[in-house]
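Naming convention: chains lettered A, B, ... in sequence-line order (proteins, then strands); numbering from 1 in each chain.
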2 protein chains.
Amino acid sequence: MVINKSTYKDYVVAHVYERLQKGELNPGDQVLESRLATELGLSRAPIREALQQLVGDGLLTYKPQVGNFVAALSPKEIIDAYVTRGLLEGFAVAEALEGFTEEDLEDLEEYCLQMEKHARRGKQKELIEIGTEFHHLLFNKSNNIQLIEYTQRLSHKLHLLFYKHWASLYTPEEIRDRHQALVCVLRRKERPLVEQALREHYNETGQKVARFYNENEEGV
Amino acid sequence: MVINKSTYKDYVVAHVYERLQKGELNPGDQVLESRLATELGLSRAPIREALQQLVGDGLLTYKPQVGNFVAALSPKEIIDAYVTRGLLEGFAVAEALEGFTEEDLEDLEEYCLQMEKHARRGKQKELIEIGTEFHHLLFNKSNNIQLIEYTQRLSHKLHLLFYKHWASLYTPEEIRDRHQALVCVLRRKERPLVEQALREHYNETGQKVARFYNENEEGV
DNA sequence: GTCTCGGCAAATGTCGACAATCGACATCCG
DNA sequence: CGGATGTCGATTGTCGACATTTGCCGAGAC
């Protein structure tokens, strides 16, 4: 593109994101370099770079001499990923606990209500957006760069892979309550509680997503 | 090459690792693609792939249109990285707490003694090796793939960047005691204690490394 | 003396073509 | 008929050349 002064790589990455979100690329599918190249009117070089980055982010898996495939996580791997995210985000939030102002907390509570509203009306896109914003606000208070980087990566990965199912996992009330509970714990300013709460938050979701996949289709 | 059926990329990655360990590449140095290419008798394509992987692992940083540079962490970033590793490894070990047999624990204690011995005799290479083995045995008991992957990456990064200083941070007795303390805590089989112990273990080391760098040279 | 502008060298970004490898199908032999 | 083997198409791996961008350096104006 022109707007982004940087290279084609990011453009390709964005394109693949989109394909993933639209469901045009599903777990297990092979991602062909030449196909993407002709699609985007580029040579294979920038495509390969983009794909490699996606592999690094865990969205694709790479088999040498064979190709890149959309990551297909087993139920166990799904749970693992969510558990790990809970660990990272829990710690990040705990580290930044003192940094949360009353205003922040009220913003978060407002998000809870909005999430419920959007969920109730079936506005999936807005729901996702607010949800992302919610957690973003949470772990971005931390100033541990390394921690944030890993959290972002994992968050991004889970977001793209399980994007579609968010609305079918919990009822609108559950969504609201679960997130309000987090804000509640945040208010108490006790590190271990905060860590524990976020771990459980993601642990539950991981279990649900994994069960969902187990029922609907066999992963891997 | 022939012995390794996989691609040149891994070969290049290994080569850069070596250069880093030997101190031929230092933080801040630019890593030139064409230079590596002629050095290894390859074209720039596999070099670029390898460098990109190294960027993903955090060993290099990448400036678009400019090049790749050996990561130069600020003191804060050094501490952050160690803290994060403590978080990950602490959790991984805690998760696998029941999996540690008495035999494992005795092996670990044996490692402690060997580390002290090698440190005392100035055998840096062996010291590093055992140290790596020690922590490897610790977090590899976990079966959380995602967690292990991140831990490995971070471990690898810190290993390569601060490899050289290990022996100068602690006395041989301290090295032994610090690791024996970990085994001790492991024996008690109490999750929170284990997590806490590993966090502190790496926190301390991070502080030391950061201070070391602050005194000897200005990072970044 | 300092600042600005323009051009030059060097490095990265991209391209199209060729080589090596893998998977699948067809074929051959027991 | 079943399993091993050879061949073919498709895809990735690698290459060398070209395009573009960056940062430096020096000439010239103020």
Colleague: Figure out the CD1/P separation between Ile47(B) and dA11(C), and round it to whole Å.
Modeller: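 One finds 15 Å between P of dA11(C) and CD1 of Ile47(B), rounded.
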
Colleague: Of the listed nucleotides (dT12(D), dC15(D), dT12(C)), which one gets closest to any side-chain atom of Ala45(B)?
Modeller: dC15(D)

Colleague: Could you tell me how far apart Tyr11(A) (OH) and dT14(C) (C1') are, to the nearest whole angstrom?
Modeller: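 Atom OH in Tyr11(A) sits about 15 Å away from atom C1' in dT14(C).
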
Colleague: Ring centres of His165(A) and Phe212(A) under 6.0 Å apart?
Modeller: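 Ring centroids of His165(A) and Phe212(A) are less than 6.0 Å from each other.
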
Colleague: Mind jotting down which residue pairs meet the salt bridge (charged side-chain N to carboxylate O under 4.0 Å, His left out) criterion with at least one end in residues 63-76 of chain A? Sequence neighbours excluded, please.
Modeller: Lys76(A)-Asp80(A)

Colleague: Check DNA chain D against residues 50-63 of chain B and give the residues with a non-hydrogen atom under 4.0 Å, in numerical order.
Modeller: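 Output list: empty, so none.
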
Colleague: Test Glu204(B) against Lys208(B) for salt bridge (charged side-chain N to carboxylate O under 4.0 Å, His left out), laying out the working first.
Modeller: CA-CA 6 Å; Glu204(B) 283 175 26; Lys208(B) 282 225 181 198; over 6 Å; no

Colleague: Answer yes or no: is there a donor N or O on one side and an acceptor on the other, between the side chain of Gln30(B) and the main chain of Val66(B), under 3.5 Å?
Modeller: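 Checking the backbone N and O of Val66(B) against the side chain of Gln30(B), a donor-acceptor pair under 3.5 Å is found.
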
Colleague: Checking contacts here: which listed nucleotide (dT11(D), dC15(D), dG13(D)) is nearest the side-chain heavy atoms of Gln30(A)?
Modeller: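 Closest nucleotide among those given: dT11(D).
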
Colleague: Scan Gln152(A), Gln146(A), Arg153(A) and name whichever one has a side chain to side chain donor-acceptor pair (under 3.5 Å) with Glu149(A).
Modeller: Arg153(A)

Colleague: Looking only at atom types and distance, does a side-chain atom of His118(A) sit under 3.5 Å from a main-chain N or O of Gln114(A), one as donor and one as acceptor?
Modeller: yes

Colleague: Across the strands shown, which category fits Glu49(B) at heavy-atom distances under 4.0 angstrom: base, sugar-phosphate, nothing?
Modeller: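 No contact.
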
Colleague: Is there a donor-acceptor pair under 3.5 Å between the side chain of Glu33(B) and the backbone N or O of Ile47(B)?
Modeller: no

Colleague: For dG13(C) and Arg48(B) - does any side-chain N or O of the residue sit under 4.0 Å from the phosphate oxygens OP1/OP2?
Modeller: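 Checking dG13(C) against Arg48(B), a side-chain N or O does come within under 4.0 Å of OP1 or OP2.
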
Colleague: Using modelled atom types and a 3.5 Å cut-off, is there a donor and acceptor pairing between side-chain atoms of Glu89(B) and backbone atoms of Thr151(B)?
Modeller: no

Colleague: To the nearest angstrom, how far is Leu42(A) atom CG from dA19(D) atom P?
Modeller: 17 Å

Colleague: If each of Gly41(A) and Val66(A) is mapped to the nucleotide of DNA chain C with the nearest heavy atom, which maps nearer the 5' terminus, i.e. the 5' end?
Modeller: Gly41(A)

Colleague: Counting side-chain heavy atoms from C-beta on, which of dC18(C), dC15(C), dT22(D) comes nearest to Arg44(A)?
Modeller: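 Minimum distance to the Arg44(A) side chain belongs to dC18(C).
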
Colleague: Can you tell which of dG13(D), dT14(C), dC15(D) lies closest to the side chain of Gln65(A)?
Modeller: dG13(D)

Colleague: For DNA chain D, determine which residues of residues 31-40 of chain A have any heavy atom closer than 4.0 angstrom to one of its atoms, and list them numerically.
Modeller: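 Of all residues in residues 31-40 of chain A, the ones placing a heavy atom under 4.0 Å from DNA chain D are Val31(A), Leu32(A), Glu33(A).
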
Colleague: Taking the six-membered ring for Trp, are the ring centroids of His135(A) and His201(A) within less than 6.0 Å of each other?
Modeller: yes

